[in-house]
Amino acid sequence: MNTQATHLDFFEQVYAIVKEIPFGRVTSYGAIAQALGTKKSSRMVGWAMNACHTQPEIPAHRVVNRNGLLTGKMHFSSPTEMEERLVKEGIQVKNDQILHFQKIFWDPSIELQIK
DNA sequence: GACATGACGATTT
DNA sequence: GAAATCGCCATGT
């Protein structure tokens, strides 16, 4: 049937990890990609997030780029919703950038003990 | 099927 | 240390 179910699998993998992100924590696209075993296709993670609108339960605001920069904030209902939501969880955001990013960084490949 | 684009990352200059 | 460049892979035109 789905001879091209490649993206569906990938999307579900990404969603599963993003939903496991604990409160007040964030991760990066590359970290998720690496947890899936394809750290090089970090773009695909971002692409999957683009389709996250099909899954309203996806805390996409907890997923930022490797710089801790809210690169995808513009894809939310409002360009400020991502920032506001992160701050609401106790995450400090300044100039669209997460403060103490490395401190609150949550690596799925480690926390989920994915080898 | 070639060309361009994209919520990225790492490396090199 | 900032800017430029390559890599990677799926999607759209």
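Lettering of chains follows the sequences in order, A, B, ..., and the numbering in each one begins at 1.
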Rounded distance (Å) that lies between atom [atom2] of [N] and atom [atom1] of [X]:
X	N	atom1	atom2	answer
A:Asn65	B:dG6	CG	P	16 Å
A:Asn67	C:dG1	CG	C1'	13 Å
A:Asp96	B:dA7	CG	C1'	13 Å
A:Gln34	C:dC8	CD	P	16 Å
A:Met44	C:dA10	CE	P	7 Å
A:His75	B:dG6	NE2	P	9 Å
A:Ile98	B:dA7	CD1	C1'	13 Å
A:Leu36	C:dC9	CG	P	13 Å

By the rule that ILVMFWY residues connect when side-chain heavy atoms come within less than 4.5 angstrom, directly or transitively, which residues belong alongside A:Leu69? none

Out of [options], whichever nucleotide has its closest atom nearest the side chain of [X]:
X	options	answer
A:Arg66	B:dA10, B:dA7, B:dG6	B:dA10
A:Ser42	B:dA7, B:dG9, C:dT11	B:dG9
A:Cys52	B:dA7, B:dG6, B:dG9	B:dA7
A:Phe76	B:dG9, C:dC9, B:dA7	B:dA7

Does a salt bridge link A:Arg62 with A:Glu89, judged by any charged N lying under 4.0 Å from a carboxylate O? yes

Tell me, please, which residues at least two apart from A:Phe101 pass ring pair (Phe, Tyr, Trp, His ring centres under 6.0 Å). A:Phe105

Can you confirm whether A:Val63 sits close enough to A:Ile21 that some side-chain heavy atom of one is under 4.5 Å from a side-chain heavy atom of the other? yes

